[in-house]
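One structure is given here, and the rest of the page talks about it.
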Amino acid sequence: VVHGQNLLPGGIAAAGIDGVPRVLTSRGNMREDTVADYTGVGAAVRAHLRERLARRAFESADVVVSVNPDWRVNLPAQPKRFQFIPNIVDEDFFAREHAPEPGLVLFTGGDNAIKGWDLLEEAWPRIQGAVPDARLHVLGWRGDDKPALGPSVSVEGWVSSSELGDRMSQAAVLVIASEFEVSPTVLAEAWAVGVPVVATAVGGIPALATDAAVLVERTVDSLTDGVVAALSGGERIDRLVAEATRRAERHRAAAVAAAHTDLYDDLRS
């Protein structure tokens, strides 16, 4: 069995090997990732070329694995055979005790445009107006200009996986405000810790997180309402977290490894 990781470049390498079953894993969305990284004519040309190469890899695969259960999120067509296998979440997140600080909201997208900081920035004064003791901690900030939203907002750069686990164990809510996502690992990490999640219903998030997170439209009003509801807690939020905890088990390393070896054994036979 030969297994190419991602349509490019792993998928192209796998496409050139004959005589054995070929597996291809697709993690991101080629077009969305390209458009997010480039602008103008350069983005259009790169997206076109990458899509052509990605389709060649895709069409050669006997099995296409995706980290999202909906193949339409990041594949050009329905594969000959499709398998959903989630991303791995480090075991450290499962071992964390969730001891949230009241009102503490965590956002891990930094100032990356596709992660939706501009939307959360606009919504934050409204969130704090509804929940006066709310505080926002932003991770992954790369620029020199920090948000000017007052003492309720703290900013930090990139952190290690262990440090992210520390921040999550203290958070009352995790916010994913992205413009597009296929399968954000931070979603499953929050599930493993037991943090309620508020996420924009974009890309592959609905297929992953319906009934396991507060899903909102990508508007200031909807995001505000979702975060306020999650901070307020209650029976609905408890149900979402319970379902999220159940789904997190599929992301354990042993479960993901077993899903792969089962697939390989099936192909070899």
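In what follows, every heavy atom counts, from backbone to side chain, and hydrogens, waters and symmetry copies are set aside.
Between Arg239 and Glu243, none of the side-chain N atoms (NZ, or NE/NH1/NH2) sits under 4.0 Å from a carboxylate O, so this pair counts as no salt bridge. The residues Asp111 and Lys115 are annotated as not salt-bridged, no charged nitrogen and carboxylate oxygen being separated by less than 4.0 angstrom. A salt bridge links Asp266 with Arg81: the closest approach of a Lys/Arg side-chain nitrogen to an acidic carboxylate oxygen falls below 4.0 angstrom. Using a cutoff of 4.0 Å between basic side-chain nitrogens and carboxylate oxygens, Glu59 and Lys80 are not scored as salt-bridged.
Scanning all heavy atoms of the two residues, the minimum distance from Arg22 to Ser60 falls at NE-O, 3.2 Å. Of all the heavy atoms in Ala230 and Ile237, the pair that sits closest is CA-CD1, 3.9 Å. Minimum interatomic distance between Pro206 and Val202 (heavy atoms only, all atoms of both residues): CD-O, 3.5 Å. Taking both residues in full, the closest heavy atoms of Ala177 and Leu223 are given as CB-CD2, 4.3 Å, listed atom of the first, atom of the second, then distance. Contact record, Val67 with Phe84: O-CE1, 3.2 Å, taken as the closest heavy-atom pair. When every heavy atom of Ala212 is checked against every heavy atom of Ala244, the shortest pair comes out as O-CB, 3.6 Å.
With contacts defined as side-chain heavy-atom distances shorter than 4.5 Å, the pair Arg126/Val220 qualifies. Between Pro196 and Leu174, every side-chain heavy-atom pair lies at or beyond the 4.5 Å cut-off. Taking 4.5 Å as the limit, every side-chain heavy atom of Glu189 sits out of range of all side-chain heavy atoms of His251. Taking 4.5 Å as the limit, every side-chain heavy atom of Ser66 sits out of range of all side-chain heavy atoms of Trp71. Side-chain contact between Ser161 and Phe93 is present, with heavy atoms from C-beta onward closer than 4.5 Å. Ser26 places none of its side-chain heavy atoms less than 4.5 Å from the side chain of Gln5. Between Arg246 and Trp191, the closest side-chain pair of non-hydrogen atoms is not below 4.5 Å. Put simply, the side chain of Leu75 reaches to within 4.5 Å of the side chain of Phe82, judged on heavy atoms.
Note that CD of Glu156 is 4.0 Å distant from CZ of Arg167, once rounded to the nearest 0.5 Å. One distance of note links CG of Leu215 with CZ of Arg218; it measures 14.0 Å at 0.5 Å rounding. Separating the OG1 atom in Thr108 from the CD1 atom in Ile176 is a distance of 6.5 Å, to the nearest 0.5 Å. Atom CD1 of Ile127 sits about 7.5 Å away from atom CG of Leu136, to the nearest 0.5 Å. Considering CH2 of Trp158 and CZ of Arg142, their distance stands at 6.5 Å, rounded to 0.5 Å. In this structure, Asn68 CG and Ile205 CD1 are separated by 9.5 Å, a value rounded to the nearest 0.5 Å.
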Review point. Is there a side-chain contact (heavy atoms from CB on, under 4.5 Å) between Phe180 and Asn74 once you walk through the steps?
Key: CA-CA 11 Å; Phe180 186 87; Asn74 62 339; 6.0 Å; no

Check your understanding: When you look at Val63 and Leu267, which way does the side-chain contact (heavy atoms from CB on, under 4.5 Å) test go after all the steps?
Key -> CA-CA 9 Å; Val63 182; Leu267 289 171; 3.8 Å; yes

Check your understanding: Stepwise, does the side-chain contact (heavy atoms from CB on, under 4.5 Å) test hold for Val89 with Arg252?
Key -> CA-CA 6 Å; Val89 168; Arg252 288 187 185 268; over 6 Å; no

Practice item. For side-chain hydrogen bond (donor to acceptor under 3.5 Å, both in side chains), just list the numbers for Ser154 and His137, CA-CA rounded to whole Å, side-chain angles, deciding distance to a tenth of an Å, and then say yes or no. Key: CA-CA 5 Å; Ser154 56; His137 190 63; 2.5 Å; yes

**Study point:** Audit row: Glu217, Thr200, side-chain contact (heavy atoms from CB on, under 4.5 Å) steps and yes/no
**Key:** CA-CA 6 Å; Glu217 296 179 10; Thr200 48; over 6 Å; no

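Using a distance-only test at 3.5 Å, with no hydrogens or angles considered, no donor-acceptor pair links the side chain of Thr25 to the main chain of Asn6. Although no hydrogens or angles enter the test, the distance criterion places a donor-acceptor pair under 3.5 Å between the side chain of His98 and the main chain of Ala171. Listed for the Thr210 side chain is no donor-acceptor partner under 3.5 Å among the backbone atoms of Ala207. Under the 3.5 Å distance criterion, the side-chain polar atoms of Ser178 are left unmatched by any main-chain donor or acceptor of Glu181. Between the side chain of Glu163 and the backbone N or O of Ser160, at least one donor-acceptor pair lies under 3.5 Å.
Side-chain atoms of Gln78 and Arg72 include no donor-acceptor pair closer than 3.5 Å. Side chains of Ser152 and Trp124: a donor on one and an acceptor on the other come within 3.5 Å. Under 3.5 Å, the side chains of Asn87 and Arg27 contain a donor-acceptor pair of N or O atoms.
In the displayed structure, Glu122 atom CD is contacted under 6.0 Å by at most 12 heavy atoms of other residues, nucleotides or ligands. Within 6.0 Å of CG on Asp265 lie more than 12 heavy atoms contributed by other residues, nucleotides or ligands. Within 6.0 Å of the CZ atom in Arg56, the count of heavy atoms belonging to other residues, nucleotides or ligands does not exceed 12.
The hydrophobic cluster containing Val138 also contains Val173, counting ILVMFWY residues as joined when their side-chain heavy atoms lie under 4.5 angstrom apart, directly or transitively. Placement of Leu164 and Val198 in two distinct hydrophobic clusters is found when ILVMFWY residues are connected by side-chain heavy-atom separations under 4.5 Å, directly or transitively. One hydrophobic cluster holds both Leu187 and Val159 under the rule that ILVMFWY side chains link at heavy-atom gaps under 4.5 Å. Transitive grouping of hydrophobic side chains (ILVMFWY, heavy atoms separated by less than 4.5 Å) brings Phe107 and Val227 into a common cluster. Both Leu231 and Val175 are part of a single hydrophobic cluster, where members link through side-chain heavy atoms under 4.5 Å apart.
Aromatic ring centroids of Trp117 and Trp141 lie under 6.0 Å apart.
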